[in-house]
Structure formats: C-alpha cells, structure tokens
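Some notes on the structure that comes next.
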Amino acid sequence: MQKSLQQQIHKWKKTHNAIILAHNYQNPEIQDIADFVGDSLDLSLKATKTDAKIIVFCGVDFMAESAKILNPEKTVILPDKTANCPMAEMVDAESLGWLKKEHPDAEVVAYINTTADVKALADICCTSANGVKIVKSRTAKKIIFVPDRNLGLYIQKQVPEKEMILWPGVCRTHHDIKKDDVLLLKQKHPDAEFLAHPECQPEIIKLADYVFSTNGMVDHVKTSPKKEFIIGTEKGLCYRLEKENPGKKFYPIPSAVCPNMKKITLEKVLKSIETLEPKIQLSEAIMQKARVPLQRMIDMR
Ligand code: 13P
Ligand code: SF4
C-alpha cells in the first residue's frame, strides 16, 4: 500500500535525524507534522536547543536564515526557496549603512524580519515578542529601527525616553488590515476580545484589548476566562488556537493572509527532507557578523 505523505516525511525524518520547525502561520497540515510550532523568537530558541543534524524550516527565508546563523554546523532547509518575507527585503545593507553614518550616535535594532546582510550591521535583533524590552535595554538614546515602521511606532509609544528613527517598511498582510473589518467583527461579536499584532497600523492597535506576538496570543488565550477572540494577525494562527482551545471561538480577519507562508506544502516538505535541498547558504563572514546581534537578543532571555 502506498504510504501517505505524512508517513513518508516521518520515515525520512528518522533516516536523516531531522527536526521540523513550523511558524504559527503555516498551513494546518504542516503544523500537524511539525515537531515544534511557534513564533519567530520561540523557533530561533528551539533551533539552538535541538540535537538534530538537519532543520527543516517551514516558514519564510529570514527565519530559516536565523536558524542557520545560530547553528552554522547544521543543515537548514527551507522547502520552498521562494518563500520570502517582502518586508525583510524593504531594507538593504547599503542604505542602512548610509543612515548609520548620518547618525553615528545611534544604535541599530533590527527586527528579526531582515536579511543576514542587514543583521550584520545591527547592534541587536528583536522580535515582536521582545521589541519593547530590547529597545529599553539599549544605552544609546537614539535608536535606528528597521524595517517595520508599525512595530517601531508601537515600541516608541512604550519607550518614550528613546528617540527612534524608523525605517519606512511595512508588512502588507498586517498593514492592510482595515479598521472597518475590525469594527464589523467587534459589532458581530461584542463579547470577543480583540488581540492585535504590533505589525498592524496604529489605528488598529488603538482598537485592541491586547497587543501580542503570535505566541503571546497563544499564551493569553490559554489563560483568559474569555471565550471569544478576534485575531488581528495572519489567519493561519487560528488553526493552532482552535486546536489548543477546543471550547473557545476565534474570528480571523478575512483578508489577513501571508502568501509566502502558504507556499510550504506537504509535497515540498517531503521532497526537501528526502533530497536535503534547498539548503540555506550564507557566507561565513556574513554569518559571523549577523550572529552577534542575534545572540545578544537570545542572551537577553
Ligand atoms: P511573530 O514573531 O509574532 O510570530 O511574527 C512573525 C511575523 O512574521 C509576523 O508577521
Ligand atoms: Fe513577512 Fe508579513 Fe509574511 Fe510575517 S506576515 S512573514 S512580516 S510578509
């Protein structure tokens, strides 16, 4: 009898001593075969703790690159090499270099959603889970924050003592969440709490009961006495929320889809775990430089 895709993936996972990490936005069938599902911070940490020789990263490029930078001796595979984060491409190393020259007294905080070249120029990285804590912890008064302007604006509000220079990047999936869509859902579900991701625009953040990273939402929902939640982030998170909280109801924003996250399929995972391609390949020199700000972030735990 023909083995299912899941059975074949499982077999190759054992043969190659591989681990499958999946971001919270992945398709349900990918979340179901993963060893760990989490947000950017959680997955970076998991990548540093595994004994597996091969990491199959079901997410987008900057996440798989971060896993490689933190584990240069491991093979890191991204099952679809075109699965990128368009926001991470919005800042390039050359332009950031110029901005640094204009502000020699500033420290650079790079969102983990950046290329390795950009991380190499940063003092420290952050994710949406720890951005406020990381910016607060810096000694410089002036902070260059790249590339997400919305996350930067959110952090600036929480840390008014810093002077933040914000790069004009955005995540279209979050930036395009419309106020009217949120208001409609609030009207339809008056008892629901509204949880927003800090990549949303300030007018959406203002409507939120809480602002969290994707894992922040998972943790909050688990302990909240509330039964209904409007989820202000990429829709894929609702699958995990429903699976882990059977008695609770989740209302996604219909338009909030990240097409790149959805490029990973079971067929691509099987092919990549069998052939160990496509591998993340970065130059040693860039990895060495990019590891410093990533490791500084991890050491802040
Ligand atoms: P999280 O770290 O909150 O999972 O966010 C990652 C991301 O890409 C948000 O769009
Ligand atoms: Fe990038 Fe936005 Fe997709 Fe997250 S949701 S991976 S920030 S494009």
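Atoms within each ligand, like the ligands themselves, are counted from 1 in listed order. Note that this is a predicted model, so its numbers are computed, not measured.
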Residues that Asp42 engages under salt bridge (charged side-chain N to carboxylate O under 4.0 Å, His left out), provided they are two or more places apart: Lys46
Taking atom 8 (S) of ligand 2 as the reference point, the nearest protein heavy atom with its distance: Pro86 CD, 3.6 Å
Residue and atom name of the nearest protein heavy atom (relative to atom 2 (Fe) of ligand 2), distance in Å to one decimal: Cys171 SG, 2.3 Å
Within-shell test, Met87 vs ligand 2, heavy atom, strictly < 4.0 Å: yes
List, for ligand 1, each N/O atom that has a protein N/O partner under 3.5 Å away, with both atom names and the distance.
unit_1	atom_1	unit_2	atom_2	d
ligand 1	2 (O)	Ser40	N	3.2
ligand 1	2 (O)	Ser40	OG	2.8
ligand 1	3 (O)	Ser128	OG	2.9
ligand 1	3 (O)	His197	NE2	2.8
ligand 1	3 (O)	Thr214	N	3.0
ligand 1	4 (O)	His23	NE2	2.7
ligand 1	4 (O)	Thr214	OG1	2.6
ligand 1	5 (O)	His197	NE2	3.4
ligand 1	8 (O)	Asn113	ND2	3.4
ligand 1	10 (O)	Tyr25	OH	3.4
ligand 1	10 (O)	Glu199	OE1	3.0
ligand 1	10 (O)	Glu199	OE2	3.3

Side chain, backbone, both or neither: the part of Asn113 lying under 4.0 Å from ligand 2 by heavy atom: side chain
N, O or S atom of Cys258 closer to atom 1 (Fe) of ligand 2 than 2.8 Å: no
Exceeds 12 heavy-atom contacts within 6.0 angstrom, atom NZ of Lys100: yes
Structural part of Glu199 in contact with ligand 2, heavy atom criterion under 4.0 angstrom: side chain
Aromatic ring proximity, centroids under 6.0 angstrom, Tyr210 and His220: yes
Side-chain heavy atoms of Cys126 within contact of Val135, under 4.5 Å: no
Nearest neighbour in protein (non-hydrogen) for atom 1 (Fe) of ligand 2: Cys85 SG, 2.4 Å
ring-ring contact (aromatic ring centres under 6.0 Å, His included) partner of Phe250, the single match among Phe194, Phe229, Tyr239: Phe229
Heavy-atom neighbours of Glu94 CD exceed 12 at 6.0 Å: no
Side-chain ion pair, Arg240 and Glu242, N-O less than 4.0 Å: no
Heavy atoms from other residues, nucleotides or ligands near NZ of Lys249 exceed 12 (cutoff 6.0 Å): no
Residue Arg291 excluded, over 12 heavy atoms near CZ under 6.0 Å: yes
